[in-house]
Undergrad: 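Take this structure, written in structure tokens, and hold onto it; I'll ask about it next.
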Amino acid sequence: MNIFRLLGDLSHLLAIIILLVKIWKTRSCAGISGKSQILFAVVYTSRYLDLINAFISPYNTIMKIVFLAASYGTIYLMYMKFKATYDVNHDTFRIEFLIAPAAVLALIVNHAFEPLEILWTFSIYLESVAILPQLFLVSKTGEAESITSHYLFMLGSYRALYIFNWIYRYYAENHYDLIAIVAGIVQTVLYCDFFYLYITKVLKGKKLQLPA
Amino acid sequence: LWQDHDHDEL
């Protein structure tokens with residue numbers, strides 16, 4: 001564990017909490033992509049199957065359980081409790097176009113051709129593009145609430161901080177995992193355009209509005 | 001390629 005890893009995990013946790021609190025307090029999930037949330041639930045489920053066979057630390061176990069629970073909790077709020085506020089008409093990204101390529105790639109490029117390892121690899125590939133339905137929703141409506149922007153910023157920061165963690169680990173521990181690194185860079189790059197808008201608009205108190 | 005991933009990373 002290094003400072004980048006810890007800060008990455010904490011911003012990931014904060015992103016998830018921001019989203020849950022936003023939905024709960026406003027009693028609405030307007031502007032949030034249920035498709036992205038489903039993809040994240042698939043990501044955590046396929047990745048954290050190692051809860052069964054690999055105990056690392058209490059921190060590790062607790063965080064994995066929290067991510068799983070928060071992810072399914074978000075889906076419950078969006079598709080059950082506050083279903084009436086769900087922006088279904090704008091959330092039209094076809095997630096099979098992300099799931100299928102991630103699955104095929106996981107079968108081809110992986111560390112070991114074993115069920116758990118392939119599922120882990122699939123989760124890494126899928127996570128790298130899981131935010132696309134959310135970004136697509138923002139681009140379709142042309143705007144995002146500030147709180148949604150904060151959520152996206154924390155979520156993007158998480159993977160960006162993980163890149164620093166990997167650089168640190170490469171030099172300090174001689175450890176590197178090319179699958180995670182390449183997918184993590186792809187994931188972070190997808191947020192770059194958003195980061196720019198966040199810094200130039202949201203942080204100056206303006207609403208995130210895309211140019212017409 | 002790295003032979004196994006790190007189960008510690010989330």
Side-chain angles (χ1 to χ4, degrees), chain A residues 1-2 4-6 8-13 16 43-44 47-57 59-68 109-112 114 116-121 123-124 127 158-159 161-163 165-166 169-170 173-184, chain B:
Chain A
M1 177 69 78
N2 56 64
F4 305 112
R5 195 21 239 291
L6 183 63
D9 286 350
L10 291 180
S11 65
H12 191 184
L13 188 62
I16 288 168
V43 164
Y44 301 135
R47 185 175 310 165
Y48 299 154
L49 287 172
D50 65 1
L51 276 170
I52 301 159
N53 68 342
F55 177 78
I56 307 294
S57 65
Y59 170 84
N60 183 272
T61 303
I62 290 166
M63 290 294 259
K64 284 175 177 172
I65 292 171
V66 168
F67 288 157
L68 276 168
V109 184
N110 52 55
H111 292 313
E114 291 157 15
L116 280 183
E117 197 57 38
I118 289 167
L119 282 168
W120 177 84
T121 314
S123 83
I124 293 289
E127 184 189 345
Y158 139 68
R159 226 43 180 177
L161 284 160
Y162 257 69
I163 293 175
N165 154 59
W166 292 323
R169 291 192 70 185
Y170 177 74
E173 302 165 24
N174 207 20
H175 168 95
Y176 68 97
D177 182 332
L178 278 178
I179 288 177
I181 290 169
V182 174
Chain B
L1 288 178
W2 189 256
Q3 62 274 34
D4 186 18
H5 67 264
D6 180 351
H7 291 271
D8 184 25
E9 289 190 349
L10 296 166

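Lettering follows sequence order; numbering is per chain, from 1.
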Undergrad: Indicate yes or no: at least one non-hydrogen side-chain atom of B:L10 is less than 4.5 angstrom from one of A:R47.
TA: no

Undergrad: I'd like to know whether OH of A:Y170 has more than 12 heavy-atom contacts from other residues, nucleotides or ligands below 6.0 angstrom.
TA: no

Undergrad: Less than 4.5 Å to any heavy atom of chain B: does that hold for the side chain of A:N60, its backbone, both, or neither?
TA: both

Undergrad: Do the non-hydrogen side-chain atoms of A:H175 and B:D6 ever get within less than 4.5 Å of each other?
TA: yes

Undergrad: Would you please name every residue forming a side-chain contact (heavy atoms from CB on, under 4.5 Å) with A:I163, sequence neighbours left out?
TA: A:W166, A:I167, A:I185, A:T188

Undergrad: Heavy-atom cut-off 4.5 Å, strictly under: side chain, backbone, both or neither for A:Y44 against chain B?
TA: neither

Undergrad: Are side-chain heavy atoms of A:N165 and B:E9 found at a separation under 4.5 Å?
TA: yes

Undergrad: Out of A:Y59, A:F67, A:Y48, return the one with the most heavy atom pairs under 4.5 angstrom to chain B.
TA: A:Y48

Undergrad: What is the minimum heavy-atom distance between A:H111 and B:H5, and which atoms define it?
TA: CD2-N, 3.9 Å

